[in-house]
Amino acid sequence: MDQYAFTVSFVRKTRQHQWWCSDVTFHCADQELCEQWVRATNEQLSSLTNRPKSLLVYINPYGGKQRGERIYEQKVAPVFRRAGIFTDVIVTERANHARDHLKTEANLDKYDGVVCVGGDGMFSELLHGLVTRTQTDHDVDQNQSDAELVPCSLRIGIIPAGSTDCVCFATVGTNDPITSALHIVVGDSQPMDVCSVHQKDVFLRYSISLLGYGFYGDLQAESERKRWLGPARYDLSGIKTFLCHNLYEGSISFLPAGDNVGHPRDKQPCRSGCRVCQHSKDEHNEMSGEKEKPGDDSSRGWKTVQGEFIAINSASMSCACPRCPKGLSPFAHLADGTTDLILVRKCSRLDFFRHLLRHTNKQDQFDHSFVEVHRVRKFSFQPRRHELASPEEQSEHLKTTGFNPKISAQTSAVSSWSCDGEILHQAAIRVSVQHQLIRLFARGIEEQ
Ligand SMILES: CCCCCCCCCCCCC/C=C/[C@@H](O)[C@H](CO)NC(=O)CCCCCCCCCCCCCCC
Ligand SMILES: Nc1ncnc2c1ncn2[C@@H]1O[C@H](COP(=O)(O)OP(=O)(O)OP(=O)(O)O)[C@@H](O)[C@H]1O
Ligand SMILES: [Ca+2]
């Protein structure tokens with residue numbers, strides 16, 4: 001009777017964007033029929049060209065709660081094995097190991113994708129390695145801020161095992177290693193914008209989530225000193241930075257995006273198969289003919305704002321993470337060629353607290369007189385260099401304004417940028433959104 005059988009594994013969607021791998025076994029009395037089914041099923045599967053057959057995996061053994069290797073071995077490797085995916089696995093031995101290996105050594109012809117097991121820092125390593133490698137292979141000079149960058153052909157998979165995992169959360173809707181492994185197995189593809197950051201004509205870094213000056217820059221610098229604390233370092237540094245309430249002067253010039261990509265407050269979230277992102281390709285092609293320089297309001301489109309700021313944030317995607325489920329800019333898009341520039345001007349501690357609190361409830365965090373938000377394609381920032389202030393002037397400033405202007409006789413009041421969780425010590429930067437430069441093994445957040 002039931003002498004012959006074969007088992008098919010399939011994806012089952014459970015709750016909250018989580019996927020699970022289930023099995024169903026078919027029994028059959030006839031050997032020939034059973035083999036026919038297995039052959040036909042395998043033929044169908046091998047005709048799905050989106051599915052990766054071979055992957056290069058980098059594991060950070062020290063990310064997040066240091067569970068990267070275990071998560072991979074126990075949860076991910078079995079899923080890849082069942083899908084018949086070949087893997088080469090590298091457990092990193094130092095910071096930037098994965099980036100450097102991708103940049104120069106890895107034989108990328110062998111693979112259909114690269115995968116990181118770790119947090120946003122580890123993802124950033126793969127992003128830098130892969131983008132730089134692609135430009136080198138095509139003789140593109142990354143130092144030229146107006147160079148047309150070549151999109152990467154390999155997709156990147158993220159198995160979340162870090163402290164924040166914001167890129168994974170904002171592209172999948174959950175931080176679950178098995179769900180991410182299944183998005184890789186079925187060969188999903190999500191294009192993503194990447195911001196390039198330059199100082200004059202020197203390339204500094206790429207960013208895919210948050211570029212933050214002032215509050216997030218200071219918070220990041222503080223949390224680097226507390227790395228030993230693990231994920232809790234962000235909360236403690238957040239409280240400390242909040243209490244310091246530093247204020248920074250400067251001027252921001254930006255090139256607003258056209259109307260076709262919506263507005264940061266239009267309540268149109270980016271979801272799987274997003275129309276805004278799909279249509280943005282056309283507008284992008286129209287725009288790319290114009291090469292305008294920032295800082296000159298006479299060049300069409302550019303705007304400049306000046307003042308004293310608590311925070312200057314550029315969110316290229318929502319930046320949703322478990323700590324902040326709707327994100328820094330809830331209606332930002334993953335692949336529309338723009339970033340949402342959020343300017344938080346001088347305000348009281350209480351008002352800034354109210355603004356932060358609105359990240360965690362239903363109220364609009366942009367609905368404050370001291371907050372403005374613009375959807376932009378490019379921007380540049382120039383900190384205001386202070387004249388050397390005497391100690392008397394400084395204490396006078398503190399008395400009259402209640403702010404610590406962070407001026408010493410020698411230094412100027414500048415913060416640093418947090419770039420996807422890495423510190424950038426240059427304050428004066430130029431940022432340009434590179435439309436759909438990379439692709440992830442993801443499909444965006446699905447409507448529930
Ligand atoms: C009053 C409640 C306030 C809740 C405010 C929530 C706002 C949180 C916004 C989080 C946005 C994360 C964006 C992700 C950026 C990633 O590229 C980067 C790399 O992993 N992660 C971080 O920089 C990690 C950044 C981690 C930021 C933690 C912020 C904690 C703020 C705490 C403020 C406390 C005020 C307390 C007053 C007594
Ligand atoms: N073998 C290693 N030894 C030390 N550092 C490493 C190693 N491999 C990677 N790193 C570095 O560790 C840093 C943190 O890694 P990762 O992003 O995986 O975790 P995390 O910081 O806990 O998470 P998140 O970035 O989400 O906050 C990264 O900047 C990465 O460059
Ligand atoms: Ca975007």
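All values reported here derive from a predicted model rather than from experimental measurement. Numbering of ligands and ligand atoms starts at 1, following listing order.
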Any idea which protein heavy atom is nearest [atom], and the distance to it?
atom                    : answer
atom 12 (O) of ligand 2 : Asn60 ND2, 3.4 Å
atom 11 (C) of ligand 1 : Leu328 CG, 3.8 Å
atom 22 (C) of ligand 1 : Gln220 OE1, 3.9 Å
atom 3 (N) of ligand 2  : Tyr62 CD1, 3.3 Å
atom 36 (C) of ligand 1 : Ile239 CG1, 4.0 Å
atom 17 (O) of ligand 1 : Ser209 OG, 2.8 Å
atom 29 (C) of ligand 1 : Leu219 CD1, 3.9 Å
atom 6 (C) of ligand 1  : His359 CB, 4.2 Å
atom 9 (C) of ligand 1  : Tyr216 OH, 3.4 Å
atom 2 (C) of ligand 1  : Leu357 CD1, 4.3 Å

Completion exercise
ligand 1 to Phe242, heavy atom cutoff 4.0 Å, flagged ligand atoms 35 (C), 37 (C)
Practice task
Just let me know how Glu125 lines up against ligand 2, side chain, backbone, both or neither, with a heavy-atom cut-off below 4.0 Å.
Solution key: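 The answer is the side chain.
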Practice task
Quick one: look at Arg227 and ligand 2, take heavy-atom pairs under 4.0 Å, and tell me if it's side chain, backbone, both or neither.
Solution key: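 Side chain only.
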Should [X] be counted as touching ligand 2, given the test is an N or O pair under 3.5 Å?
X      : answer
Gly118 : no
Gly162 : no
Gly119 : yes

Handout entry: Proximal ligand 2 atoms for Thr164, defined as those under 4.0 Å from one of its heavy atoms
Key =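 With Thr164 as reference, the close atoms of ligand 2 come out as 24 (P), 26 (O), 27 (O).
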Practice task
Run the numbers for me: atoms of ligand 2, each under 4.0 Å from some heavy atom of Glu422, listed by number.
Solution key: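 Reading through ligand 2 atom by atom, the close ones are 29 (O).
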Practice task
May I ask you to test the Trp417-Val197 pair for a side-chain heavy-atom distance under 4.5 Å?
Solution key: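 In short, these two side chains do not touch, never coming nearer than 4.5 Å.
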Handout entry: Phe441 side chain near Leu55 side chain, heavy-atom distance below 4.5 Å
Key =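 When only atoms from C-beta onward are counted, Leu55 and Phe441 do touch, with a gap below 4.5 Å.
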Handout entry: Contact flag Thr338/the Ca ion (ligand 3), N/O/S atoms, threshold under 3.0 Å
Key = yes
Exercise for the section: Give a yes/no verdict on whether any heavy atom in His128 is under 4.0 Å from an atom of ligand 2. Expected result: no
Exercise for the section: Examine ligand 2 and decide if any of its atoms is less than 4.0 Å from a heavy atom belonging to Tyr234. Expected result: yes
Handout entry: Atom of Asp336 closest to the Ca ion (ligand 3), considering N, O or S atoms
Key =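 Within Asp336, restricted to N, O or S, the Ca ion (ligand 3) is closest to atom OD1.
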Problem - Under 3.5 Å donor-acceptor, Arg358 side chain and Asp367 backbone - result: yes
Exercise for the section: Could you tell me whether Arg323 and ligand 1 have an N or O pair separated by under 3.5 Å? Expected result: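 Arg323 vs ligand 1: no N/O contact under 3.5 Å.
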Problem - Between His101 and Tyr58, ring centroids under 6.0 Å - result: yes
Exercise for the section: Identify which one of Tyr216, Tyr213, Phe309 satisfies the ring pair (Phe, Tyr, Trp, His ring centres under 6.0 Å) criterion when paired with Tyr248. Expected result: Tyr213
Problem - Three-point angle Ser316:O, the Ca ion (ligand 3), His333:O, rounded to the nearest 10° - result: 70°
